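Position 1 is the first residue of the sequence; numbering continues from there. The shown structure was predicted, so the numbers you read here are calculated from the model rather than taken from an experiment.
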Amino acid sequence: MNPIFVTQPYLPPLEEFIPYLEQIWESKTLTNRGPMHQRLEKELCDHLGVEHISLFANGTLALVTALQALRITGEVITTPYSFVATAHSLLWNGLTPVFADIDPVTLNLDPKKIEAAITPKTTAIVPVHCYGTPCDIDAIQTIADNYNLKVIYDAAHAFGVKRNGQSILKAGDLSILSFHATKVFNTFEGGAIISPDAKTKQRIDQLKNFGFVDEVTVVAPGINGKMSEVNAAFGLLQLQHIERAMARRAEIDAMYRTRLAGVPGLRLLEQPMPGNTSNHSYFPVLVGPDFSVTRDELYHLMKEQGIHGRRYFYPLISEFPMYRHLPSAQPGLMPVAQGISREVLCLPIYPALTDEEVHRIADTVCFAATVQHKAAA
């Protein structure tokens, strides 16, 4: 049997991409806000229901630049349960991450823990819409308003996600997207910042282009974060397929939920509330103590069957060497995040996954639920 990996990039038919490349060859414009770049910004704004978007070469550069754009200093409260880029972007800006525990249901930053972590040095909050599940944006905004803090959402997982019919990307001061190859919407590599107004977008666009205003004027120590024309062209093509791709993800999500419902010791994340739209970017399951084998045993059993799930996110960011010295990273301070990290396993989900493969994966998990603990064997 062919191996099944946790994800696979969606690639439209190659012949559909050729005309875009021909236009680039004809224009001789490869970067620096060319016609493909400008078109993609406009079409993404229309598709996502936002007004201002700045494209980047990747999501990490977008995070780094967002912190620069808002002139964040001192301490920033964030989650330990995320991809390392969330916290790395703080270190690159000379900021101190302060980790707070997560909510056991949404797996997002727990607002009650945010407020307890605020000090006189705190200037911002960087929450993550984990697996595309929206944070409690109302509670977080209330805290931010009360303490005069900025909020930058890491929305790398949240392309196309809506809450009460509105794009989740409008929350906070800025939102960051990733268009990495593994994401729901990809441009090979890429990212973006969603801004609330034209003035903020202008500053971000200057920062991602070395700080240039014009040929002879530099106003900030910017970086080279620009998206190329080839990446932008691929994004334009992807937008033509994104609805079908997301619909297939929803079908796979539904199949998993039907097959895995009621398996003892296995917890599935809650489905979106009415009026909310999910992008089904991941399908995590939590392997609890009542499951017949441990999470790691299930992970290896699946690998033996050629099914490559991912323990995502494990370990916690706070457990990596560049963070574990921080006071907020000390063991025992984040019991929920630590517990979830030991239980989580993301099952494969991507548009090209066949029904037969989904059933094979679910059958493997269900079989594992009947296996006795190795220690008791």
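- Under the salt bridge (charged side-chain N to carboxylate O under 4.0 Å, His left out) criterion, Asp205 pairs with Lys201, Lys208, not counting sequence neighbours.
- Here CZ of Phe179 is found 14.0 Å from CZ of Phe188. Values are rounded to the nearest 0.5 Å.
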Exercise for the section: Tell me, with the steps shown, if Ser82 and Ile317 meet side-chain contact (heavy atoms from CB on, under 4.5 Å). Expected result: CA-CA 7 Å; Ser82 179; Ile317 297 175; 4.0 Å; yes
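- Alongside Val128, the hydrophobic cluster contains no other residue (criterion: ILVMFWY side chains under 4.5 Å).
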Handout entry: Audit row: Thr200, Asp197, side-chain hydrogen bond (donor to acceptor under 3.5 Å, both in side chains) steps and yes/no
Key = CA-CA 6 Å; Thr200 305; Asp197 53 66; 2.7 Å; yes
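- When every heavy atom of Pro127 is checked against every heavy atom of Tyr153, the shortest pair comes out as CG-CE2, 3.5 Å.
- Checked against salt bridge (charged side-chain N to carboxylate O under 4.0 Å, His left out), Arg71 has no partners two or more places apart in sequence or in another chain.
- Remark: the Thr119 side chain and the Glu75 side chain contain an N/O donor-acceptor pair separated by less than 3.5 Å.
- Around atom NZ of Lys150, no more than 12 heavy atoms belonging to other residues, nucleotides or ligands sit under 6.0 Å away.
- With a 6.0 Å cutoff to the six-membered ring centre and a 45° limit on the axis angle, Arg310 does not count as a cation-pi contact of Phe5.
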Handout entry: Full working for side-chain hydrogen bond (donor to acceptor under 3.5 Å, both in side chains) between Tyr314 and Glu319
Key = CA-CA 9 Å; Tyr314 168 82; Glu319 295 173 354; over 6 Å; no
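- Leu207 pairs in a side-chain contact (heavy atoms from CB on, under 4.5 Å) with only one of the listed residues (Thr65, Val219, Val64, Leu61), which is Thr65.
- Checked against Tyr81 for a side-chain contact (heavy atoms from CB on, under 4.5 Å), the options Asp101, Asn108, Leu107, Thr86 give a single hit: Leu107.
- Classification of Glu357 and Arg360 as a salt-bridged pair fails, no side-chain N sitting under 4.0 Å from a carboxylate O.
- The salt bridge (charged side-chain N to carboxylate O under 4.0 Å, His left out) check on Arg163 picks up Asp138, with sequence neighbours excluded.
- A search for salt bridge (charged side-chain N to carboxylate O under 4.0 Å, His left out) contacts involving Lys42 returns Asp46, not counting sequence neighbours.
- Residues forming a side-chain hydrogen bond (donor to acceptor under 3.5 Å, both in side chains) with Asp253 (at least two apart in sequence, or on another chain): Arg257, His280.
- For residues 26-57, the pairs satisfying ring-ring contact (aromatic ring centres under 6.0 Å, His included) are His47-Phe159, with sequence neighbours left out.
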Identify all side-chain donor-acceptor contacts of residues 6-20 below 3.5 Å with residues at least two apart in sequence or on another chain.
residue, atom, partner, partner atom, Å
Tyr10, OH, His241, ND1, 3.0
Glu16, OE1, His241, NE2, 2.8
Tyr20, OH, Gln240, NE2, 2.6

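- Sorted by first and then second residue, the ring-ring contact (aromatic ring centres under 6.0 Å, His included) pairs with a member in residues 326-367 form an empty list; sequence neighbours excluded.
- When hydrophobic residues (I, L, V, M, F, W, Y) are linked wherever their side-chain heavy atoms come within less than 4.5 Å, the members clustered with Val218 are Phe210, Phe212.
- Within the structure, ring-ring contact (aromatic ring centres under 6.0 Å, His included) pairs that include any residue of residues 100-122 do not occur (at least two apart or interchain).
- Atoms CG and CD1, on Leu177 and Ile53 in that order, are 6.0 Å from each other to the nearest 0.5 Å.
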Using residues 332-346 as the side-chain source, report each donor-acceptor pair under 3.5 Å to any protein atom, sequence neighbours left out, with the distance given to one decimal.
residue, atom, partner, partner atom, Å
Ser341, OG, Phe313, O, 2.9

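- The pair Asp110-Lys112 meets the salt-bridge criterion, with a side-chain N (NZ, NE, NH1 or NH2) lying under 4.0 Å from an Asp/Glu carboxylate O.
- Shown here is Glu51, whose CD atom has no more than 12 heavy atoms of other residues, nucleotides or ligands within 6.0 Å.
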